[in-house]
Every structure is written in structure tokens, then in C-alpha cells.
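Structure provided below as C-alpha cells; questions to follow.
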Amino acid sequence: MGNTTMSLYRNSAWFLKGMTEFTRSAFLSAAKHFVEKDLEVSMAGRVFMITGANSGIGRATAMAIAKRGGTVHMVCRNKDKAEEARADIVKESGNKEIYVHILDLSETRKVWEFAEAFKRKYKALNVLINNAGCIMSERDVNAEGLEKSFASNVMGVYILTKGLIPLLEKSAEPRVITVSSGGMLVQKLRTGNLQTEIGRYDGTMVYAQHKRQQVVMTEQWAKTHSNVHFSVMHPGWVDTPVVAVANAMPDFHQSMKDSMRTPEQGADTTVWLAISEAAATKPSGSFFQDRRMVSAHLPLAWTHSSQLEQQKFMSVMEDLAKTFQPH
């Protein structure tokens, strides 16, 4: 099958799947099978870090965890928005153990520095939630010369996670959850052209590729760090600032806004993966949607990559990350 036919097939199959599984009504029907008591747990004494915690899914996740008594480290780009969100969370949850850290995940060296400083200062981290994401409408590079959305969505997640694994491993029942996107279902892992230097820059497709890369990183980390529970999830189609503002997707947002999920509905599986005992019984490295393990591939879409390609991608990431490591 030619590339164009393939991508047409993938996109149609994806849209049909989305209409039946990613919408608000799909969430409501899935929720009928949720086990209420899974989330009726106290998180007192457990420590969580959430990136992009001041809006959308990240904020809804932070709120849910704060209400259950967890200590929350909010990692955000914008100080004013972060402080405002923190004040709301403290007020509504009555939990004062909410801390703000200012970090832009697209600033590669700073991500390393942040992870190192956090390990020195704090004794425990039970759960890391990689939630922050960015879609760029045109190609732009950061101070280190990396394409910005790759720096933020892939390299930032890689460095933050790798940097914090030693602290997670010292902590009780450690977990890492990465918020991916159903868009990755139309993408097969690329190990070359990671900076999108070749070809036209299509922000939505670049983002979808990054979300595929997050799935691969999760699967590979699960193999190499067996004492940490890794998972990656798709929140469904959620009405968040990223989607609304991303002029990358205005038509999609316009036509779909009535069937989009609320940030709380989008955050449900993230919260479930972060706090429920049930989630920890699932195999590490799995992909989830609406509290269920699901395939990370559409049927017949040829998006599987070999173990060799996945390992090659991880070693490219490792080498690239090392070049920015502070000595």
C-alpha cells in the first residue's frame, strides 16, 4: 500500500475510532464500568510531581491528588498562572502541601539541572506524571538548537524521567505516567529526522510522532527499570487550552467542541494510574484508555516497529541527552 493510501487509511480508521472511543459520550459509557473504590484512597505521605500542572488535564490531576492528601510538586512554565492554580488547589482541597517549580521543559539543560537539584533537595518521589505538551504551528529551535516541540515533548520527558528514576527507585511503590495522545496511532516511530529538519513542518503530525515516541520510551523503560511501574495513556479528545489555542487544530476544535471531554474526564485515567492499587497490578509499560489497557496500534496500520528500531531510538535519545548534561 502506498504512503498516501496508508495515511488515508490510518486517518480514517483513527477518526472512526475517535468518534466511538475518544468523545465525552464514550467516556460516560466507559465510566459505567469503573470501580468507584479504586479512587477512594488516601494519598497522605505520597509525593507526586506533575508537569504542566496549572491548566487542563495537569491541573485536574493535581486537584484530584491534592483532595486525597497527596503532596504535589507542580512543574510549570508560567509563574503567575502556576501560583494562581496553586492557590485554587490549596483553597479547594484544604491541602497546603502543594509546591510550585518553574521550569520550561523545552529548555534542555535546565531540565537536567532541575532534576539534579530536586534529587538533592527532596527525599522521596513516588509518582512522576509527564503531562506537559506543546504543539508548534511552525518550526522553531531552543537555545541548544533542538526543535522546540521535540525538546519539550520528547527530550524534556526523557531527561526528567531518567534524571528522577534514582529518586523514584528509592521511594515506595514508584510510578511514572505519561500523558500521550490518540494522535500517535497514525504514526510509526521514526528514528531519523527527529528535529524535523527535512520535509514540511506539520505541527500536528510532529506532535503525533512525539506522542508515539513517548509510548516507545515507556515500553523501553519498563524493560530496563523493573522496580518502577510505567504507563502511558490517552485522555481522549479533551477541551484544553492546548487544543483551543493551537491554531494547529482550529477546524477540529470547532467541529468537535460539543463532544469533547472536560479536563476532569481527560484526567480520570491519569489519576487512576497514579493512585489506584488496581493500576499497579497491570503490566508495566502498557498503554491505557478509560482505565483499560488497550493496543498502542490501530489494526492493520503498520505502525509497529522492531525491537531493534526501538532500541536504536533509545540510544539516539541517550546520546543526545548526554550532550546537554551539566558536569
Side-chain angles (χ1 to χ4, degrees), residues 2-8 10-11 14 51-52 77 103-114 130 132-163 178-221 232 242-243 245-250 252 296-297 301-326:
N3 265 348
T4 321
T5 324
M6 192 70 242
S7 65
L8 264 175
R10 278 180 196 160
N11 291 339
W14 176 80
T51 64
R77 258 192 324 202
L103 172 70
D104 185 334
L105 280 167
S106 74
E107 297 176 353
T108 308
R109 279 199 177 84
K110 289 188 177 156
V111 181
W112 268 123
E113 287 159 8
F114 171 75
N130 292 310
C134 81
I135 301 181
M136 306 283 290
S137 48
E138 50 193 49
R139 193 177 184 279
D140 193 7
V141 294
N142 70 2
E144 289 84 8
L146 294 176
E147 190 271 316
K148 261 191 186 164
S149 66
F150 170 82
S152 185
N153 298 332
V154 189
M155 188 49 81
V157 168
Y158 182 87
I159 291 171
L160 186 63
T161 306
K162 283 292 273 191
T178 300
V179 178
S180 182
S181 150
M184 68 92 199
L185 290 165
V186 299
Q187 288 282 321
K188 179 178 173 162
L189 175 72
R190 283 204 309 251
T191 54
N193 196 26
L194 294 179
Q195 310 296 318
T196 330
E197 286 157 307
I198 307 156
R200 189 173 76 85
Y201 187 89
D202 174 342
T204 312
M205 282 302 126
V206 168
Y207 177 76
Q209 173 64 215
H210 295 161
K211 295 295 166 175
R212 167 63 69 195
Q213 291 166 359
Q214 289 177 348
V215 171
V216 170
M217 290 194 292
T218 299
E219 292 169 352
Q220 295 301 313
W221 283 328
V232 59
V242 168
V243 178
V245 175
N247 29 14
M249 303 171 80
F252 179 77
H297 299 274
W302 305 95
T303 51
H304 289 270
S305 44
S306 68
Q307 192 50 41
L308 202 64
E309 286 171 300
Q310 301 196 3
Q311 284 162 342
K312 180 184 169 191
F313 171 72
M314 293 304 276
S315 67
V316 168
M317 290 301 295
E318 183 67 21
D319 294 344
L320 195 50
K322 273 197 187 113
T323 60
F324 306 114
Q325 195 167 4

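This is a predicted model, so every value here is computed, not measured.
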| task | Check whether any side-chain heavy atom of Val216 sits under 4.5 Å from a side-chain heavy atom of Glu309, and report yes or no. | result | no
| said: A side-chain contact here means heavy atoms from C-beta on lying under 4.5 Å apart; do Thr196 and Arg190 qualify? | reply: yes
| Are any non-hydrogen side-chain atoms of Gln311 and Met314 less than 4.5 angstrom apart? | no
| remark: Minimal heavy-atom distance between Gly133 and Asn153, with the atoms involved, is CA-OD1, 3.3 Å
| message | Can you tell me which residue among Ser149, Ser152, Cys134 is in a side-chain contact (heavy atoms from CB on, under 4.5 Å) with Ser106? | response | Ser152
| note | For Ser180 and Val215, the nearest pair of non-hydrogen atoms, with its separation, is OG-CG2, 4.0 Å
| message | One pair to check against side chain to side chain contact (heavy atoms under 4.5 Å, CB included): Tyr201 and Met136. What are the steps and the verdict? | response | CA-CA 9 Å; Tyr201 187 89; Met136 306 283 290; 3.4 Å; yes
| Out of curiosity, Lys162 NZ to Met317 CE, how far, rounded to the nearest 0.5 Å? | 10.5 Å
| request: Evaluate the side-chain proximity of Phe313 to Leu194: yes if any heavy-atom separation is below 4.5 Å, no if none is. | output: yes
| message | Using a 3.5 Å distance criterion without hydrogens, assess whether the side chain of Asp140 forms a donor-acceptor pair with backbone atoms of Lys148. | response | no
| said: Does any part of the side chain of Asn130, heavy atoms only, come nearer than 4.5 Å to the side chain of Gln214, both counted from C-beta? | reply: no
| message | Check this for me: Gln307, atom CD, are more than 12 non-hydrogen atoms of other residues, nucleotides or ligands nearer than 6.0 Å? | response | yes
| query | CD1/Ile135 to OG/Ser181 distance, rounded to the nearest 0.5 angstrom? | reply | 7.5 Å
| Gln195: partners by side-chain contact (heavy atoms from CB on, under 4.5 Å), with sequence neighbours left out | Arg139, Leu146, Glu147, Phe150, Glu197, Leu320
| query | Quick one: side chain to side chain donor-acceptor pair (under 3.5 Å) partners of Thr323, sequence neighbours excluded? | reply | none
| said: When you measure from the side chain of Ser305 to the backbone of Gln310, do you find a donor-acceptor pair of N or O atoms at a distance under 3.5 Å? | reply: no
| Rounded to the nearest 0.5 Å, what separation is found between the NZ atom of Lys110 and the CG atom of Leu103? | 8.5 Å
| task | Taking Arg212 for its side chain and Met184 for its backbone only, find out whether a donor-acceptor pair lies under 3.5 Å. | result | yes
| field | Lys188 atom NZ, over 12 foreign heavy atoms within 6.0 Å | value | yes
| remark: Closest non-hydrogen contact found for Arg10 with Trp302 is NH2-O, 3.4 Å
| query | Can you list the steps and then say if Val186 with Met205 is a side chain to side chain contact (heavy atoms under 4.5 Å, CB included)? | reply | CA-CA 9 Å; Val186 299; Met205 282 302 126; 4.2 Å; yes
| task | Heavy atoms only: give me the nearest Trp221-Val157 pair and the separation to one decimal. | result | CH2-O, 3.9 Å
| field | side chain to side chain donor-acceptor pair (under 3.5 Å) against Gln187, all qualifying residues, sequence neighbours excluded | value | Gln209
| remark: Nearest heavy-atom approach of Ala132 to Leu105 is CB-CD1, 3.7 Å
| query | Sub-3.5 Å donor-acceptor pair from the side chain of Ser315 to the main-chain atoms of Lys312, do we have one? | reply | yes
| said: Check whether Trp112 reaches the backbone of Ile159 with its side chain - one donor and one acceptor, N or O, closer than 3.5 Å. | reply: no
| query | Hey, are the side chains of Asn142 and Glu107 touching, using non-hydrogen atoms and a 4.5 Å cut-off? | reply | no
| request: Drop me the distance from Thr108's OG1 to Glu144's CD, to the nearest 0.5 angstrom. | output: 4.5 Å
